[in-house]
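Here's the structure we're looking at; comments come further down.
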Protein chains: 2
Amino acid sequence: METRVDGRLVRGDQTRRAVLRKAVDIASVDGLEGLSIGRLAKELEISKSGLFAHFGSKEELQLATIRAARRIYATSVVEPAFAVEPGLGRVWALSESWLEYSKRRVFPGGCFFAKASHEYGARRGPVHDFLAEVNREWIQLVEQTITEAVDRGELAADPVQLAFELNAFYDSANMASLLRDGDGRVYAQARQSIRARLEAAATAGTALPW
Amino acid sequence: METRVDGRLVRGDQTRRAVLRKAVDIASVDGLEGLSIGRLAKELEISKSGLFAHFGSKEELQLATIRAARRIYATSVVEPAFAVEPGLGRVWALSESWLEYSKRRVFPGGCFFAKASHEYGARRGPVHDFLAEVNREWIQLVEQTITEAVDRGELAADPVQLAFELNAFYDSANMASLLRDGDGRVYAQARQSIRARLEAAATAGTALPW
DNA sequence: GAACTAATAATACGATCGTTCGTATAGTTT
DNA sequence: AAACTATACGAACGATCGTATTATTAGTTC
């Protein structure tokens, strides 16, 4: 089966990809508002109008940037954890991959979503709504991961409550690291809080994954 | 002793105060970058150049805005807690006043410092540095408050670690509430996490303040 | 009341913002 | 080769940005 590819569409896709790769980096540092079309075009050495044509509006560019960031987030945070068996081990793996995702600066400005969510948290419109949806998605994933550990009898805790707490540790480590100019010690601190919390919730006889 | 007041300086101070009161509100929603001089002047119905003359540069306006926000933060978060005796009671009071500060939207965009710190976390310059300093100040205050409870034998915990965790709960509740359009339930959730954490760290026989 | 000072205003500058329009180029289809 | 389509470009739009210069007004001091 021969797959015909339209060279024009391929070229467009490549441009689009290059734009979004740069866009998530800029936005993670300067925000989705600071992400200006002119600057983006200049850094990529393409025309402002050509870039604009790909999205039609700044808001669409912002939404596309969030989608691109979500893909990167999925591969660098979720996927590594899901390679581990469900249960406490996966809860721990998820925590580890999150901290590594922030510490390694997958986005140069730290967690893209922490940044964007704060930027648009108090505003209305499609960007806020989309970020809220992504956040719901993420929290639900953490809760689900915890629930699996509870169902296996490895953890005794309210998944909603525990998910809130773990997520709080993630975000707080991220922000503290940014404010302290990339100080890595806060990640060790967060890791210890997470471990202590999970250890307290682990049922007797459960093998601890660290 | 007669105190001579210069009516011109009084007028200037009043303007300055009015500007900063509006500035913190705008910045808490649209950020310190979104806080534009033209918009600020328009909303206050004064001239752009007259407003500008008060600060000399946008960066100075931003720094002044942060200082103004810190004063508001001190009176609405720190002072109520410091009315309570040092010890576990004060730790709890601090947590309560923080959650109320966020929930009541003392700043319309939620916690001013969570917002600004994320905005400038990954940038360099005086604004970042000042926000980092304010954050250090705050964390140290939480640690000190916890240390007092430990010294009184009411709490058994590492103050640095526990301060990190409580602060994480504060910020996380704030952000979740913003993303969920002011949903107040997240504060009850945070309160429960805080109470559970403090209860676990409280020494036997200590009267619990809730 | 004249001289002086501090706060406010009017106007304009160059830069950049998001967006629109007309056109040129690259690639496909007939 | 002609007709068509998708992508990219150049130039310009009106609006707004931060900032500088110059003038006006309100209040003090002599």
Side-chain angles (χ1 to χ4, degrees), chain A residues 2-23 26-27 29-66 119-120 123-127, chain B residues 2-23 26-27 29-66 116 119-120 123-128:
Chain A
E2 180 83 16
T3 329
R4 283 235 175 263
V5 286
D6 189 329
R8 294 168 301 183
L9 300 179
V10 170
R11 192 158 63 109
D13 266 18
Q14 282 175 345
T15 303
R16 212 183 146 86
R17 235 190 296 275
V19 168
L20 292 175
R21 193 169 335 126
K22 182 72 82 174
I26 292 179
V29 173
D30 292 311
L32 285 166
E33 203 66 41
L35 174 69
S36 88
I37 296 169
R39 176 187 172 189
L40 197 46
K42 187 170 288 177
E43 294 201 17
L44 290 166
E45 295 180 308
I46 64 176
S47 74
K48 201 170 94 163
S49 52
L51 194 160
F52 182 84
H54 273 282
F55 304 95
S57 73
K58 168 142 189 190
E59 190 171 88
E60 262 311 314
L61 167 63
Q62 293 173 323
L63 293 171
T65 302
I66 298 172
E119 188 179 3
Y120 278 85
R123 304 191 209 179
R124 304 182 188 177
V127 175
Chain B
E2 180 85 15
T3 329
R4 283 230 177 266
V5 285
D6 189 330
R8 294 169 300 184
L9 299 179
V10 170
R11 193 159 61 108
D13 266 18
Q14 281 176 346
T15 302
R16 210 182 148 85
R17 235 190 299 275
V19 167
L20 291 175
R21 192 169 335 125
K22 181 73 81 175
I26 292 180
V29 173
D30 292 311
L32 285 167
E33 203 66 39
L35 173 69
S36 87
I37 297 169
R39 175 186 173 189
L40 196 47
K42 186 170 288 176
E43 294 202 17
L44 290 166
E45 294 179 309
I46 63 176
S47 74
K48 200 171 99 166
S49 51
L51 194 159
F52 180 83
H54 274 283
F55 304 97
S57 73
K58 167 139 191 193
E59 191 171 88
E60 262 311 313
L61 168 63
Q62 293 173 323
L63 293 171
T65 302
I66 298 172
E119 189 180 1
Y120 278 86
R123 303 190 210 179
R124 305 182 187 177
V127 176
H128 164 101

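Below, chain A is the first sequence line, B the second, and so on; all start at residue 1. Predicted model, so just to flag it, every value in this text is computed and none were measured.
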**Study point:** Partners passing side chain to side chain donor-acceptor pair (under 3.5 Å) against B:H128 (at least two apart in sequence or in another chain)
**Key:** A:D181
Exercise for review: With the side chain of B:S36 defined as its heavy atoms from C-beta on, choose the nearest nucleotide among C:dC17, C:dT19, D:dC17.
Suggested key: D:dC17
Check your understanding: How many Å lie between CG on A:L9 and C1' on D:dC4, as a whole number?
Key -> 14 Å
Review point. When you check every protein heavy atom under 4.0 Å of nucleotides 23-28 of chain D, what one-letter string (B, S, -) results, 5' to 3'?
Key: ---BBS
**Study point:** Gap between atoms CD and C1', on B:Q14 and C:dA6 respectively (whole Å)
**Key:** 14 Å
Practice item. Figure out the CD1/C1' separation between B:I37 and C:dA10, and round it to whole Å. Key: 16 Å
Practice item. In whole angstrom, give the distance that lies between atom CZ of B:R39 and atom C1' of D:dG18. Key: 16 Å
Check your understanding: Which parts of residues 41-56 of chain A get close to DNA chain C, meaning a heavy atom less than 4.0 angstrom away?
Key -> A:K48, A:S49, A:F52
Study note, to complete from the structure: Rounded to whole Å, CG of B:L35 lies from C1' of D:dG18 at a distance of 12 Å
Review point. Does any pair with a residue in residues 10-19 of chain A pass side-chain hydrogen bond (donor to acceptor under 3.5 Å, both in side chains), and if so which ones, sequence neighbours excluded?
Key: none
Exercise for review: Round to a whole Å and report the spacing from NZ of A:K58 to P of C:dT19.
Suggested key: 8 Å
**Study point:** Listed partners of B:S49 passing side-chain contact (heavy atoms from CB on, under 4.5 Å), at least two apart
**Key:** B:S47
Point to revise | Rounded interatomic separation in angstrom, taking CG from B:L61 and C1' from D:dC17 | key: 13 Å
Practice item. Keeping the roles fixed (side chain from B:Q62, backbone from B:L32), state whether a donor-acceptor pair exists under 3.5 Å. Key: yes
Revision key, fill the gap. Across all chains, not counting sequence neighbours, the salt bridge (Lys or Arg N to Asp or Glu O under 4.0 Å) partners of B:R123 are A:D30, B:E33
Point to revise | Any pair counted as salt bridge (charged side-chain N to carboxylate O under 4.0 Å, His left out), so long as it reaches residues 41-50 of chain A, sequence neighbours left out | key: A:K22-A:E43, A:R39-A:E43
Review point. Under the side chain to side chain donor-acceptor pair (under 3.5 Å) test, which residues partner A:E119, sequence neighbours left out?
Key: none
Review point. Can you tell me if the side-chain N/O atoms of B:T15 get under 4.0 Å from OP1 or OP2 in C:dT8?
Key: yes
**Study point:** 5' precedence on DNA chain C between B:V10 and A:G34 (nearest-nucleotide basis)
**Key:** B:V10
Point to revise | Heavy-atom check, side chain of A:F55 versus side chain of A:I37, under 4.5 Å | key: no
Review point. Does any non-hydrogen side-chain atom of A:L61 lie less than 4.5 Å from one of A:L40?
Key: yes
Check your understanding: Can you tell me how far C1' of D:dC17 sits from CG of B:D30, to the nearest Å?
Key -> 15 Å
